[in-house]
Amino acid sequence: MSQVIEFAGINEQVENDDEFNSLLDISIHHKIPHLHECGGHGACTTCRVRILDGIYNCSPKTEIEKSTGFARKWDPSIRLACQTYPKGNVKLQRLIWSSAEVNQLQKELAPEGKAEERPIAIVFCDLRNFTGLSSENLNFDIAFMLNRFYTALGEPILMNNGIIYQYVGDEIVGVFGTTGGSKEKNCMDAIRAALGMQYALDLLNKTELKDFQVELKSGIGINFGNAYVGHLGHPTHRQFSVIGDPVNVASRIQGYTKVTGSKILISKSVFRCATKDALMVGNIYSADLAGKEEEIDLYDLVGFKDMDLQLELQASLHIILQDDITFAKLFYDTVFELAPIARSLFRSNMTDQGRLLTHMLGGIVYSLSRPEHLNSGLKKLGQSHVKYGVKAEHYPIVKQALMSAINQTLGDLKTERAMEAWSTALDFVMDAMQNWKSL
Ligand code: HEM
Ligand code: FES
């Protein structure tokens, strides 16, 4: 018997008459963007939904759902869409709308009412000359600039599996590794985020702020060490907290960039934990930081020695997805020009299809920093493509069309490195999709 599934928020109702369709399958079938990083294996929690009506029409929780819900302290109305099969009408709300929100979910895994020690990298980024800017510009313009600063520089934190921890005045603080992870990964994520912030600030100055006659500048300090993570505070108002000496030192390292005139300074502990030989560093300073008995070594971070795939993709993603409808149109026009026969594989409405494609491309770039889910997600996508009638010979055509759309969209902002990064990433994605049999 057919069921009605209602999506709150977008006011869409769809019908389902296949009992083997999970709530996630239903979204995908009806081209409703629904994050599912792990491809529906119950491992990532990004497909979570709140059941607003019809909870009794949902299949019982699977073991994986029970343990996930318990660890994250979910109330019973929250379900994993990939694990839930409707038996009657259901009204639901998707809870995670964008890949950028996914990292914040790490906070759910921090202990309640106490703190645990975890190896963390901390990034402090300060907007330079903010006081001068405030006196020279209208409040309205300052608010606009600050908002753009926070958004543009927050994104690289989120793209690299970090949490935007705090805004302190004109500072933005990111933390990496709050749920554990290796020292190397946490430090590399933080470093990539810091370099991404510089790219983002450059782009912001060249584009959205170009008419303000100001050039925003930043100073960034990064430290690594064991800090305490937990939800602390009054029992009715607990707050996600990261505390400890490494956090204070990161703030002081940021302050020290004003002494040295550096853009990014990293501590010796970050330098030591980072991937061997990956970093290009400049001057090394022996700094006497407040509260520290001994001087500590700080390194000017210049960049990566070699092209960094993730950083290049992240830096260009924003430009590519700025006008996702135009991008999708450019792409599909080229696909159908190169292979007119492919048109028949698609079930009409190319705008929705384009929205899904760009949603997915953005999701892939974000989830490169969470590779544990990415591979299974791509294989599942590849398996679905076999059912859509997609053949091996279609992949090079789609790659060519995507590269052409990326090339045209980046325009003057195109760099050889960005194009190389996209080409490598698409090969990786398409290989994983075609390797679905190893799921
Ligand atoms: C980078 C590689 C690709 C990505 C990221 C991608 C992404 C997607 C996504 C997200 C969907 C929505 C449905 C779902 O999630 O299962 C989709 C559907 C689809 N894709 Fe792809 N795709 C890729 C390659 C291809 C290729 C090579 C073809 C061949 C022409 C193709 C044809 C289709 C078709 C026919 C559908 C179903 C459309 C419909 O239901 O009307 N895709 N793709
Ligand atoms: S948990 Fe449902 S898609 Fe990952």
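Order of listing sets the numbers, starting from 1, for every ligand and every atom in it.
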Item to complete: Please check if atom NZ in Lys305 has more than 12 non-hydrogen atoms from other residues, nucleotides or ligands closer than 6.0 Å.
Response: yes
Item to complete: Apply salt bridge (Lys or Arg N to Asp or Glu O under 4.0 Å) to the pair Lys66 and Glu63, showing each step before the final yes or no.
Response: CA-CA 5 Å; Lys66 281 187 199 157; Glu63 284 311 311; 3.3 Å; yes
Practice prompt. Would you name the heavy atoms of Ala425 and Leu309 that are closest together and state the gap between them?
Written response: N-CD1, 4.2 Å
Item to complete: Below 2.8 Å of atom 2 (Fe) of ligand 2, tally up the protein N/O/S atoms for me.
Response: 2
Worksheet item: Which one holds for Leu381 and ligand 1: side chain close, backbone close, both close, or neither close, with close meaning a heavy atom under 4.0 Å?
Response: side chain
Worksheet item: Which class fits the ring pair Phe336 and Tyr332: parallel under 30°, tilted 30 to 60°, perpendicular over 60°?
Response: parallel
Worksheet item: Which ligand 1 atoms, with their elements, are less than 4.0 angstrom from a heavy-atom of Leu356?
Response: 10 (C), 12 (C)
Fill in: Shortest-distance N, O or S atom of His385 relative to atom 21 (Fe) of ligand 1
NE2
Worksheet item: Among Arg343, Lys387, Gln353, which residue places a heavy atom closest to atom 11 (C) of ligand 1?
Response: Gln353
Worksheet item: Is there side-chain contact between Thr84 and Leu92, with heavy atoms separated by less than 4.5 Å?
Response: no
Worksheet entry | Whether Lys399 lies under 4.0 Å from ligand 1, heavy atom | no
Discussion item. So that I can tick it off, tell me whether Arg417 and Asp308 are bridged by a salt bridge, with the cut-off set at under 4.0 angstrom between side-chain N and carboxylate O.
Written reply: no
Worksheet item: Side chain or backbone of Met433 under 4.0 Å from ligand 1, or both, or neither, by non-hydrogen atoms?
Response: side chain
Worksheet item: Would you call the rings of Phe271 and Tyr299 parallel, tilted or perpendicular if under 30° counts as parallel and over 60° as perpendicular?
Response: parallel
Worksheet item: Are Arg355 and Asp324 close enough for a salt bridge, meaning some N to O gap below 4.0 Å?
Response: no
Worksheet item: What do you reckon, does Lys31 put a non-hydrogen atom under 4.0 Å from ligand 1?
Response: yes
Worksheet item: Looking at Leu345, which atoms of ligand 1 are within less than 4.0 Å of one of its heavy atoms?
Response: 35 (C)
Fill in: Where ligand 1 meets Val398 - atom numbers and elements under 4.0 angstrom, heavy-atom basis
26 (C), 27 (C), 28 (C)
Practice prompt. With heavy atoms of Met430 as the reference, note each atom of ligand 1 found under 4.0 Å away.
Written response: 1 (C), 2 (C)
Worksheet entry | Closest non-hydrogen atom pair between Val398 and Val335, with its separation | CG2-CG2, 4.4 Å
Worksheet item: Would you call the rings of Tyr167 and Tyr150 parallel, tilted or perpendicular if under 30° counts as parallel and over 60° as perpendicular?
Response: tilted
Worksheet, complete the sentence: Taking only non-hydrogen atoms of Met360 and a 4.0 Å limit, the atoms of ligand 1 in range are 5 (C), 10 (C)
Worksheet item: Is Lys73 atom NZ crowded by more than 12 heavy atoms from other residues, nucleotides or ligands, each under 6.0 Å away?
Response: yes
Worksheet item: Under the 3.5 angstrom rule, does the side chain of Ser404 hit a backbone N or O of Gln400 as a donor-acceptor pair?
Response: no
Practice prompt. Decide whether an N or O pair under 3.5 Å exists between Tyr395 and ligand 1.
Written response: no
Item to complete: Below 4.0 angstrom from a heavy atom of Ile28, which ligand 1 atoms are there? Numbered from 1 as shown, please.
Response: 13 (C), 14 (C), 15 (O), 16 (O)
Worksheet item: Going by an N to O cut-off under 4.0 Å, is there a salt bridge joining Arg79 and Glu65?
Response: yes
Worksheet item: Has ligand 1 got any nitrogen or oxygen that is less than 3.5 angstrom from a nitrogen or oxygen of His394?
Response: no
Worksheet item: Just distances here: any N/O of His36 and N/O of ligand 1 closer than 3.5 Å?
Response: no
